[in-house]
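First comes the structure, then the notes that go with it.
If you're wondering where the values come from, they're calculated on a predicted model, not measured in any experiment. Atoms within a ligand are numbered from 1 in the order they appear, just like the ligands themselves.
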Amino acid sequence: MRVLILGGTSEASKLAELLAAETGIMAVLSYAGRTTALRAPPIPYRTGGFGGIEGLEHYLRSGRIDVLVDATHPFAEQISRHAQAAAARAGIPLVVLSRPPWVPEAGDRWIEASTMAEAARALGEAPKRVFLTIGRLQISAFAAAPQHYYLIRTIEPPGPLQDLPRAKVIQGRGPFEASAEAEILRAESIDVIVTKNSGGEAAYAKILAARQLGLPVIMVARPQEAAAAAFHDPADVLDFLCRHKTALAPRGV
Ligand code: NAP
């Protein structure tokens, strides 16, 4: 059985590890090619876009892929839309693997926003000191609120930020420690954090630190997920694939 995993997340890498040990399932892990320091997975991999829905459908058909696994980040909206459309066009099942979202706990002061533009508006008129940890691709939404100071943390440099006159960039890749996050919040006199509800442990430390310091968090909700078999645990996807493999196997006489 042939499987294509759309990756770029720790969940996708974990699934790749599980599949490396599995006989009878040939899986390829696909990366967008955004990050420069790519760690080679234990299964075959490819990098770069497919060329839209048509390109992905062509890849699925020409590679005789039996199951498509969308294990991309919950906020990677476009590729997930393409995955749903291309799997339907190729007539194969789509499985979604995503980490569970964070939920507020006692002591959390969350302000929910459904888009980045709404998050920028939620900062209000009065200038604030903002810790912006939303990745680098949607920073431009905050050009609508240039009066704030932004401490921006990204994995890769975000490029010029001329629309945000009071911005400072720090680079960092999780996992982060709550004590170190609290130190940043204190040292930078941060008033409010803006983040996406990515879920997972690696980036949760800032939520813990905000709770400790009583700081508000503007939490951008996830886009809607595709209607497909959905799992949070890579082991459950492996089970699904093994069951599908059995269903695909020619019956003996
Ligand atoms: P996106 O906006 O949904 O996708 C933009 C385009 O990038 C897609 O149309 C596709 O190009 C290509 N692409 C995306 N993921 C791909 C993959 N795994 N394999 C091959 N091509 C892929 O995606 P994004 O938000 O820029 O995220 C890019 C990658 O970074 C994703 O793989 C995601 O898992 C990872 N990531 C994203 C975030 C986030 O917050 N967005 C955070 C951590 C990791 P074509 O149309 O040409 O096929």
Side-chain angles (χ1 to χ4, degrees), residues 3-16 19 27-41 43-63 65 67-87 89-90 94-102 113-116 119 132-142 152-159 171-176 194-204 206 219-226 228 230-232 234 237:
V3 175
L4 175 64
I5 306 166
L6 302 171
T9 57
S10 53
E11 290 73 23
S13 302
K14 178 79 182 116
L15 178 61
L19 285 170
V28 174
L29 180 58
S30 175
Y31 293 107
R34 299 271 194 283
T35 30
T36 38
L38 184 77
R39 221 175 336 128
I43 60 170
Y45 72 97
R46 62 169 300 288
T47 52
F50 295 93
I53 296 169
E54 288 75 19
L56 181 53
E57 181 190 0
H58 175 74
Y59 185 98
L60 296 174
R61 288 187 186 279
S62 60
I65 301 295
V67 181
L68 177 60
V69 180
D70 176 7
T72 58
H73 192 274
F75 282 85
E77 280 182 78
Q78 182 165 303
I79 187 68
S80 294
R81 261 199 322 277
H82 292 185
Q84 191 173 21
R89 282 158 71 151
L94 171 69
V95 178
V96 176
L97 169 61
S98 66
R99 59 191 84 160
W102 297 318
S114 44
T115 61
M116 267 326 146
L132 193 58
T133 64
I134 56 159
R136 70 194 151 103
L137 300 176
Q138 290 175 286
I139 293 173
S140 59
F142 293 84
I152 299 173
R153 182 169 66 199
T154 54
I155 296 176
E156 305 271 330
Q171 277 177 253
R173 181 195 286 272
F176 300 101
V194 181
T195 188
K196 303 188 286 194
N197 196 337
S198 300
E201 284 170 19
Y204 191 65
K206 61 183 171 240
M219 182 66 72
V220 181
R222 293 177 174 198
Q224 230 173 348
E225 280 182 0
F231 300 98
H232 290 317
V237 176

### Arg46 and Ser30: side chain donor to acceptor below 3.5 Å
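Side chains of Arg46 and Ser30: pair found under 3.5 Å.
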Looking only at protein heavy atoms, which one is nearest to [atom], and what is the separation?
{"atom": "atom 8 (C) of ligand 1", "value": "Gln78 NE2, 3.9 Å"}
{"atom": "atom 35 (C) of ligand 1", "value": "Gly8 O, 3.7 Å"}
{"atom": "atom 32 (O) of ligand 1", "value": "Gly7 O, 2.8 Å"}
{"atom": "atom 19 (N) of ligand 1", "value": "Ser30 OG, 2.7 Å"}
{"atom": "atom 23 (O) of ligand 1", "value": "Ala76 CB, 3.6 Å"}
{"atom": "atom 48 (O) of ligand 1", "value": "Phe50 N, 2.7 Å"}
{"atom": "atom 17 (C) of ligand 1", "value": "Ala32 N, 3.5 Å"}
{"atom": "atom 10 (C) of ligand 1", "value": "Ile79 CD1, 3.8 Å"}

Indicate, as side chain, backbone, both or neither, the part of [X] found under 4.0 angstrom from ligand 1 when only non-hydrogen atoms are considered.
{"X": "Arg46", "result": "side chain"}
{"X": "Lys196", "result": "side chain"}
{"X": "Leu56", "result": "neither"}

#### Entry: Point-to-point distance, once rounded to the nearest 0.5 Å, from CZ of Arg39 to OH of Tyr45
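Reported value, rounded in 0.5 Å steps: 12.5 Å.
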Which ligand 1 atoms, with their elements, are less than 4.0 angstrom from a heavy-atom of [X]?
{"X": "His82", "value": "9 (O), 46 (O)"}
{"X": "Gly52", "value": "45 (P), 46 (O), 47 (O), 48 (O)"}
{"X": "Glu77", "value": "3 (O)"}
{"X": "Leu137", "value": "26 (O)"}
{"X": "Gly49", "value": "11 (O), 21 (N), 45 (P), 47 (O), 48 (O)"}
{"X": "Phe75", "value": "40 (O), 41 (N)"}

### Message
Between Tyr59 and Leu68, does the side chain to side chain contact (heavy atoms under 4.5 Å, CB included) criterion hold? Intermediate values first, please.
### Response
CA-CA 11 Å; Tyr59 185 98; Leu68 177 60; over 6 Å; no
### Query
Has ligand 1 got any nitrogen or oxygen that is less than 3.5 angstrom from a nitrogen or oxygen of Thr9?
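N/O-N/O distance below 3.5 Å does not exist for this pair.
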Non-hydrogen atom of [X] closer than 4.0 Å to ligand 1:
{"X": "Gly51", "result": "yes"}
{"X": "Gly55", "result": "no"}
{"X": "Gly48", "result": "yes"}

### Task
Count the heavy atoms of every other residue, nucleotide or ligand shown that sit under 6.0 Å from CD of Glu201, and state whether that count exceeds 12.
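Counting other residues, nucleotides and ligands, CD of Glu201 stays at 12 neighbours or fewer.
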### Query
Which is closest to atom 24 (P) of ligand 1 by heavy-atom distance: His73, Arg34, Glu11, Glu54?
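Heavy atom nearest to atom 24 (P) of ligand 1 belongs to Arg34.
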### Message
Assess the residue pair Glu57 and His82 against the criterion (side chain to side chain contact (heavy atoms under 4.5 Å, CB included)); give the C-alpha distance rounded to whole Å, side-chain angles, the decisive distance to 0.1 Å, and a yes or no.
### Response
CA-CA 9 Å; Glu57 181 190 0; His82 292 185; over 6 Å; no
### Task
Could you please spell out the steps behind the salt bridge (Lys or Arg N to Asp or Glu O under 4.0 Å) verdict for Arg89 and Glu54?
CA-CA 9 Å; Arg89 282 158 71 151; Glu54 288 75 19; 3.5 Å; yes
### Query
Does the protein put a heavy atom under 4.0 Å from atom 30 (O) of ligand 1?
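False for atom 30 (O) of ligand 1.
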